[in-house]
2 protein chains.
Amino acid sequence: MFDRCIYFNTLALARQLERVWTEAFKPFDLTPPQGFMLRAVLAKPGLLQSELADELKIARATATRGLDGLEAKGLIERRPTKTDKRERGIAPTKEALALHDKLNAASGAVTDRLKGIFGETVFLGFVEQAKAVASKLE
Amino acid sequence: MFDRCIYFNTLALARQLERVWTEAFKPFDLTPPQGFMLRAVLAKPGLLQSELADELKIARATATRGLDGLEAKGLIERRPTKTDKRERGIAPTKEALALHDKLNAASGAVTDRLKGIFGETVFLGFVEQAKAVASKLE
DNA sequence: GTCATATAGTTGTATAGCTAATCAAATGGA
DNA sequence: TCCATTTGATTAGCTATACAACTATATGAC
């Protein structure tokens, strides 16, 4: 019905893809947003919460909630910075560091699988277009 | 950071597009999911809830919640069908019918604006690709 | 005709996202 | 120095989404 609607179709696709990632992160007991947040923390330890929110393209308040969840699972720590008492840098715990390689491997496997399903050219082209379209909306 | 991730970029784009539609539906006091659900009801009055869920590509439980909201606003009615006492057909109220043209006009205006921003060729190509990719995941 | 199974819809419970409001700390102008 | 403004993070309150469990009804095998 909304066959020509970019919002409807983009959102529906995102929900389908979320299901794939839900499976992939299930062994780690992480939802996709949690998994991506943790991957970001592992890739760039020490980021401020606001910087993390920017990386993940979510609102700061959403980052607060997500980090609460990861903190409750013992996967991240908030550390006050030395220069500004309002800021908190985010560091992975050693439990999180122990997951790093497996999490990367599982993520790579999903991407490879999706590339296989869609074809690598289509996959890469689509991602580029999504970014190009998004950048025109800013 | 997740520059090559189809899920991350698709979801981020969907959230950006949602902001555009949020503005467009604000005059009707509808969120984007509510607006799209109402448009579906107006376009195909009498659909069963399960059929509506399929059209919108959401779970049945989500359709229940969304319809609760539209019903509370006096925009739709659930009507028992004659043949099966479990089923409910969804009909727009006359308040909703009164919005039909304006809602369509506002929706068309958003799509035209986005086509202008992205370029019509890119817009249509992207939507087609999103559908093609989604169909390979089913 | 009866009972097991399937189906339509709802409810319970959880996560994720947003905006607006708030709190606390930093900054800067006078 | 002091107060107004800005900024990082949190909290409050809301919507949307999903899955699983449930209720009520329908269907079909016998």
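Just so it is clear, the values below take in all heavy atoms, side chains as well, and ignore hydrogens, waters and symmetry mates. Worth saying up front: this structure is predicted, and the values here are computed from it rather than measured.
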Run the numbers on A:Arg78 and A:Asp68 for salt bridge (Lys or Arg N to Asp or Glu O under 4.0 Å), then give the verdict. CA-CA 10 Å; A:Arg78 288 159 150 122; A:Asp68 289 347; 3.0 Å; yes
Presence of [X] side-chain N/O under 4.0 Å of [N] phosphate oxygens OP1/OP2:
X	N	value
B:Thr22	C:dC18	no
A:Arg65	D:dT10	no
B:Ser50	C:dG9	yes
B:Arg60	C:dT7	no

Give the rounded distance in Å between these two atoms: [atom1] of [X] and [atom2] of [N].
X	N	atom1	atom2	answer
A:Asp68	D:dT11	CG	P	7 Å
B:Met37	D:dT15	CE	P	14 Å
B:Ile76	C:dG9	CD1	C1'	13 Å
B:Glu18	C:dT19	CD	C1'	13 Å
B:Tyr7	C:dG17	OH	C1'	11 Å
A:Ile58	C:dT19	CD1	P	12 Å
B:Arg79	C:dG9	CZ	P	15 Å
B:Glu71	C:dG9	CD	P	13 Å

By the 4.0 Å heavy-atom rule, please label [X] as base, sugar-phosphate, or nothing.
X	result
A:Gln34	sugar-phosphate
B:Thr62	base
B:Ala63	nothing
B:Ala59	sugar-phosphate

Nearest to the [X] side chain among [options], which nucleotide is it?
X	options	result
A:Glu87	C:dA20, D:dA9, C:dT11	D:dA9
A:Lys85	C:dA26, D:dT17, C:dC18	C:dA26
A:Thr31	C:dA20, D:dT17, C:dA16	C:dA16
B:Gln49	C:dT19, C:dG9, D:dA16	C:dG9

Do you know the tightest heavy-atom contact between B:Leu97 and B:Pro92?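 Distance-wise, the nearest heavy atoms are CD2-CG, 3.9 Å.
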Donor-acceptor pair, side chain of [X] and main chain of [Y], under 3.5 angstrom:
X	Y	result
A:Thr93	A:Gly74	yes
B:Lys115	B:Phe123	no
B:Lys57	A:Gln16	no

| request: Take A:Thr83 and A:Gly66, find for each the nucleotide of DNA chain C with the closest heavy atom, and name the residue whose nucleotide sits nearer the 5' end. | output: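 Its nucleotide being nearer the 5' end, the pick is A:Gly66.
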Q) Is the A:Trp21 ring parallel, tilted or perpendicular to the A:Phe25 ring (thresholds 30°, 60°)? A)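 Plane angle between 30° and 60°, so tilted.
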Given protein heavy atoms under 4.0 Å, the one-letter contact record of nucleotides 1-7 of chain D, with B base, S sugar-phosphate only and - none, is simply ------B
message: When you measure from the centre of the six-membered ring of A:Phe118, is the NZ or CZ of B:Lys136 closer than 6.0 Å and no more than 45° off the axis?
response: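 B:Lys136 over A:Phe118 ring: no.
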inquiry  = Determine whether the aromatic ring centres of residues A:Tyr7 and A:Phe2 are separated by less than 6.0 angstrom.
reply    =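 Not under 6.0 Å, so no.
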Most 5' of A:Arg88 and B:Asp84 on DNA chain D, judged by nearest nucleotide: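 With A:Arg88 and B:Asp84 compared, the 5'-side residue is A:Arg88.
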